[in-house]
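Written out below as C-alpha cells is the structure these notes cover.
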Amino acid sequence: MKLTLYSGTRNASSWAMRAWLSLKETNIEFEEIIVDIKRPQRWRNIAEISTFSPASRVPVLVIEQQTPDQKKTIIYDSIAIMEFVNELSNNQLLPDDSLVRAEARSMLAWQHADMGKICPSLSFESSFYPDKKILSADNVKSAEGLYQVWENLLTKYQGPYLFGDLSLADLTLVPSVLRLTSHLEPSSHFPLTKAWAEGLLNRPHVKAWLDDAYGLEPIYYDSYLH
Ligand SMILES: N[C@@H](CCC(=O)N[C@@H](CS)C(=O)NCC(=O)O)C(=O)O
C-alpha cells in the first residue's frame, strides 16, 4: 500500500498540518506533495486537486494498493485521514476506553466544526506574524474559555495530554493552540494548559513543520487588523 499526502503551504494550511502530524506521530511512511495554496497560484493548484478529489481542498491522502487493478482510495478530509491513520496504527491515537474515546472524539468534532468564535477570526497565517495585534476583550474571553476547557481535561485525566496519552484530540488542536497562545499566553490561572501547550508545540514533528513555516514570507490579510 502506497500513501501519498497532498499537503499545503506550511504557514497557511492548518488542516494539512493536522493530517501530516498524525502520519508523522505514528511513523507511517508516506510521500508528500506540498500544494502551494498561496494566491494567486492557489486557484490553479486547487483546480488540479479537483481532478481527483471531490472536495477540491488539501489535505488529500491517496492510497494505492499493490493489486493487479491498482485500486486507489481518495480520503479528502483531515478528520477522515486522522481516523484512518489511527486505525492503521492499531488505534495508537485514540483512548482505549470507549467513553474516554467518545469524549476525545467530541473535541475532534468540535474543533472540526469551528471551536467557538475565536479560531475562525484568528487565521493560522497570523500565528507567524512577527507583530501580533492586541486581542479584543471578547477574544480574550473566548481564548480563556478554551484554556479553561483544556485545564479541566488536564486535571480530569492527569495529563500530560488532554486524555492522558497523546491522541488525535491533541494533534487536531495544534494549530488552534498556536494561534491562541501566540496572541495570548495562558495566565497563571491555567498552569496545566500552559505546560501542555508548550509540550505540544515542542514535539519534534510539530517543531519541524513550524520551523519551515517561520522560514516563509508571512501571508497578510487586511482583515487581521479590523
Ligand atoms: N474540512 C476540510 C478543510 C480543508 C481546507 O479548507 N483546506 C484548505 C487549506 S488548509 C484549502 O485547501 N483551501 C483551498 C481553497 O479553499 O481554495 C478538511 O478538514 O480537510
Side-chain angles (χ1 to χ4, degrees), residues 3-26 28 30-63 72-88 93-94 104-129 146 167-180 182 201 205-206 208-224:
L3 272 58
T4 306
L5 180 74
Y6 289 79
S7 77
T9 313
R10 291 293 194 254
N11 60 348
S13 188
S14 58
W15 299 107
M17 184 186 191
R18 298 177 167 100
W20 184 91
L21 276 177
S22 63
L23 285 158
K24 286 289 189 184
E25 290 286 357
T26 47
I28 290 172
F30 65 104
E31 195 181 299
E32 184 184 12
I33 297 176
I34 299 181
V35 179
D36 186 353
I37 59 162
K38 286 195 309 295
R39 295 177 180 134
Q41 59 270 36
R42 167 194 195 114
W43 317 121
R44 189 188 60 232
N45 293 344
I46 286 295
E48 273 175 38
I49 299 283
S50 71
T51 60
F52 60 91
S53 161
S56 191
R57 294 255 198 287
V58 289
V60 184
L61 185 65
V62 178
I63 299 150
K72 275 193 191 180
T73 305
I74 311 290
I75 311 183
Y76 48 83
D77 185 90
S78 59
I79 207 167
I81 296 171
M82 294 175 92
E83 288 275 1
F84 173 70
V85 168
N86 175 55
E87 286 181 23
L88 214 56
L93 288 179
L94 280 175
R105 282 197 168 116
S106 306
M107 181 62 75
L108 259 177
W110 184 30
Q111 196 293 317
H112 207 61
D114 66 1
M115 181 143 273
K117 283 178 278 174
I118 189 163
C119 287
S121 76
L122 265 191
S123 71
F124 183 58
E125 288 86 333
S126 73
S127 314
F128 306 102
Y129 296 168
L146 287 169
S167 77
L168 292 182
D170 304 288
L171 296 182
T172 200
L173 288 172
V174 167
S176 309
V177 165
L178 181 71
R179 292 131 108 122
L180 296 178
S182 64
L201 296 180
H205 294 305
V206 174
W209 178 290
L210 296 182
D211 285 349
D212 287 349
Y214 284 114
L216 298 174
E217 191 71 27
I219 301 170
Y220 289 103
Y221 298 115
D222 288 346
S223 55
Y224 181 65

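Residues take their numbers from the sequence shown, with the count starting at 1. Start at 1 and go down the list; that is how both ligands and their atoms are numbered. Note: hydrogens, waters and symmetry copies are ignored here, and every other heavy atom, side chains too, is used.
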Between I63 and F84, does a side-chain contact (heavy atoms from CB on, under 4.5 Å) hold up when you go through it step by step? CA-CA 11 Å; I63 299 150; F84 173 70; 3.5 Å; yes

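A donor-acceptor contact shorter than 3.5 Å is absent between the side chain of S78 and the backbone of A19.
With rounding to the nearest 0.5 angstrom, the CE atom of M82 is 10.0 Å from the OG1 atom of T26.
Between D36 and N45, the shortest heavy-atom contact is O-ND2, 2.9 Å.
Relative ring orientation between H112 and W15 is described as perpendicular, the plane-to-plane angle rising above 60° on a 0-90° scale split at 30° and 60°.
In this structure, F124 places its CZ atom where more than 12 heavy-atom neighbours from other residues, nucleotides or ligands lie under 6.0 Å away.
Near ligand 1, S13, S14, W15, I37, R42, I46, R57, V58, P59, D77, S78, H112 each place a heavy atom less than 4.0 angstrom from the ligand.
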